[in-house]
Amino acid sequence: MKSKIINEPSLKKASLRQGGTSFEYVNNKYPKEIYDFFNGKTFYIRTYGCQANIRDEETMKGMLKEVGAVEGEDELSDIVIINTCAVRENAEDKCYGELGQLKNIYQTKKKIITVLCGCMVEEPEILDYVVKTFPFLSVVFGTHEIRDCVNLIYESARDGDSIIAVNSKPGEVIEGLPVHRNNRYKAYVNIMYGCDKFCTYCIVPFTRGKERSRRYQDIITECQELIDDGYQEITLLGQNVNAYGNDLKEGYDFADLLEGVAKLGIPRLRFTTSHPWNFNDRMIDIIASYDNIMNFIHLPVQSGSDEILKRMGRRYTKAEYLDLVKRMKERIPNLALSTDLIVGFPNESDEDFNETLDLVDQVGYDAAFTFIYSPRKGTPAAKMKDDISKETKGERFKELVNHLEVSISKSAEAMIGHTYKVLVDGPSKTNPELLSGYTESNKLVHFKGGIRLVGQIVNVRITESHTYSVIGELVDE
């Protein structure tokens, strides 16, 4: 295939934060030849990363189904899309492994259309490596080209070109794209895109662009439609939901939006992710005021050391974070907290690490995502000198997990004998004879029950703790 370059990424361009948020309301109508091409073709999407990536997958599914494509079961489908994450090195390695498998499939099935998209390809060095290493790729596009995925796939197949379309622009808000949701009862709703925080270790502000909020009424309308369709839970999504509305100057902030959606009557309302620096008392009061806003908050801290927090560009101190947690726990009944923690940030000292352990012990988290620091090329932290050995980082990681498990186990064991409302997801992934679902505080519960309970909120009495999940019995049906 000959290569056709429409746009290539630029981290410098991606760092620009000029101009206001622009909106475009689209009505996807395609020429007849596109419907003819996609009609009956199978597609398969493998997604890596966060909820934002999953939400992108749902949009691509909606667009492909709208032109007549049918969802396949595996990489032997006619169109295979790898939707990538760039936050951690581990996620990139998984994508490379998937591409290696695709290469083998391509060699035996030449007509397969292979697509690589998402955050990874927004990084110039990675894009260059991917194009050279996996020349069989039909289309490579970035986070801002999702709206064009149908056209790009068709154009590549029609002309026999390998197309690269990765435009590192500040970004706009596109409304009206079709959606095929992965879950019938739980929905993700984007409220904003991008991030302006530029934490020194994070590539997201470059891959996702500037912070740009959707209009309040567009979000409310989408949520109302979900409620009308019988959805039981909505999660409001953003790289930093607390910053919602700052770019629009239309008189709505995140607290307003949270209250507006809660008033619609959705049984369960969640949000992710929130930045401690933007979390104010009004948000806390709104959460405490509505029973359908879940008493679970993901509040990434990353480190307990003021020195490391400063080098990370996190904009708060350990004391300020702990004070925020204190105010949350005082006002929100039975609050459950989860967090993100990075071990081994460049030149993290023993004292710095011990400060993190101390914070973990003080907060008493119910869940946590822990990571050993991996540099992202193009970020300030990647240029920092780092003399911490791999062995030391590994030892600290294990010690951190041990500290976290103390509070996680304590929280899980305290649930025994009590009854909780659980939204049933379906058969357990570890034991198909059991059902599984999550409590309001986002604890995974396994219990026996009929498949007809899927999508319902039921009462489950907890009988056994397995630390990261619990076992229960149905109280009523």
Side-chain angles (χ1 to χ4, degrees), residues 51 54 181-188 226-227 230-236 262 265-273 287-288 290-299 325 328-329 332-340 360-361 363-370 401-477:
Q51 295 93 333
I54 294 172
R181 298 190 184 275
N182 292 336
N183 192 295
R184 179 64 188 83
Y185 305 101
K186 298 162 72 171
Y188 294 128
L226 290 167
I227 295 170
Y231 278 80
Q232 298 293 300
E233 180 175 296
I234 288 173
T235 299
L236 304 179
I266 182 72
R268 290 185 167 201
L269 179 58
R270 302 185 187 275
F271 59 89
T272 195
T273 294
I287 295 167
Y290 290 87
D291 291 338
N292 60 342
I293 301 178
M294 299 296 92
N295 61 334
F296 172 83
I297 297 174
H298 185 62
L299 194 67
V325 169
M328 286 179 170
K329 290 187 173 183
I332 303 172
N334 303 311
L335 175 66
L337 285 172
S338 69
T339 196
D340 293 341
V360 165
D361 294 341
V363 173
Y365 292 106
D366 295 84
F369 297 97
T370 52
V401 170
N402 290 337
H403 273 255
L404 285 164
E405 286 188 343
V406 171
S407 61
I408 295 171
S409 296
K410 182 179 179 181
S411 172
E413 289 168 3
M415 297 175 71
I416 296 175
H418 297 279
T419 299
Y420 298 87
K421 293 184 180 301
V422 175
L423 174 54
V424 185
D425 285 337
S428 168
K429 294 179 180 178
T430 57
N431 183 354
E433 294 183 0
L434 300 177
L435 294 177
S436 68
Y438 288 85
T439 65
E440 294 178 339
S441 61
N442 213 42
K443 194 70 175 182
L444 178 61
V445 181
H446 303 289
F447 61 98
K448 287 185 178 180
I451 197 69
R452 66 187 181 281
L453 296 178
V454 173
Q456 296 185 35
I457 296 174
V458 300
N459 294 316
V460 178
R461 182 186 296 112
I462 306 306
T463 59
E464 188 178 334
S465 167
H466 289 183
T467 303
Y468 294 103
S469 65
V470 293
I471 304 295
E473 57 186 17
L474 199 62
V475 173
D476 54 30
E477 294 192 27

Check your understanding: Given L269 and E233, is the side chain to side chain contact (heavy atoms under 4.5 Å, CB included) satisfied, shown in steps?
Key -> CA-CA 6 Å; L269 179 58; E233 180 175 296; over 6 Å; no
Check your understanding: Judged by modelled atom types alone, do S411 and D366 share a side-chain donor-acceptor pair under 3.5 Å?
Key -> yes
Practice item. State whether a side-chain donor-acceptor pair under 3.5 Å links S436 with H446. Key: no
Practice item. Could you check H466 against I471 for side chain to side chain contact (heavy atoms under 4.5 Å, CB included), going step by step and ending with a plain yes or no? Key: CA-CA 8 Å; H466 289 183; I471 304 295; 4.0 Å; yes
Check this for me: [X], atom [atom1], are more than 12 non-hydrogen atoms of other residues, nucleotides or ligands nearer than 6.0 Å?
X	atom1	result
Y290	OH	yes
N402	CG	yes
N431	CG	yes

Donor-acceptor pair, [X] side chain versus [Y] backbone, under 3.5 Å?
X	Y	answer
S407	L404	yes
R184	G230	no
R270	E440	yes

Minimum-distance pair of heavy atoms, taken over all atoms of [X] and [Y]:
X	Y	answer
H298	S338	ND1-OG, 2.6 Å
N292	P267	CB-O, 3.3 Å
I408	Y468	CD1-CE2, 3.9 Å
S465	I416	N-CD1, 4.0 Å
I332	A288	CG1-CB, 4.2 Å
K186	Y438	NZ-CD1, 4.0 Å

Practice item. Apply side chain to side chain contact (heavy atoms under 4.5 Å, CB included) to V475 and F447, showing your working. Key: CA-CA 10 Å; V475 173; F447 61 98; over 6 Å; no
Check your understanding: Can you find a heavy atom in the side chain of V470 that is under 4.5 Å from one in the side chain of Y420?
Key -> no
Nearest-0.5 Å distance that lies between atom [atom1] in [X] and atom [atom2] in [Y]:
X	Y	atom1	atom2	answer
H418	I462	NE2	CD1	10.0 Å
D425	Q232	CG	CD	11.5 Å
L337	N295	CG	CG	10.0 Å
N183	Y188	CG	OH	8.5 Å
L435	L474	CG	CG	8.5 Å
Y365	L299	OH	CG	6.5 Å

Point to revise | From CA spacing to verdict: side chain to side chain contact (heavy atoms under 4.5 Å, CB included), Q51, T272 | key: CA-CA 9 Å; Q51 295 93 333; T272 195; 3.8 Å; yes
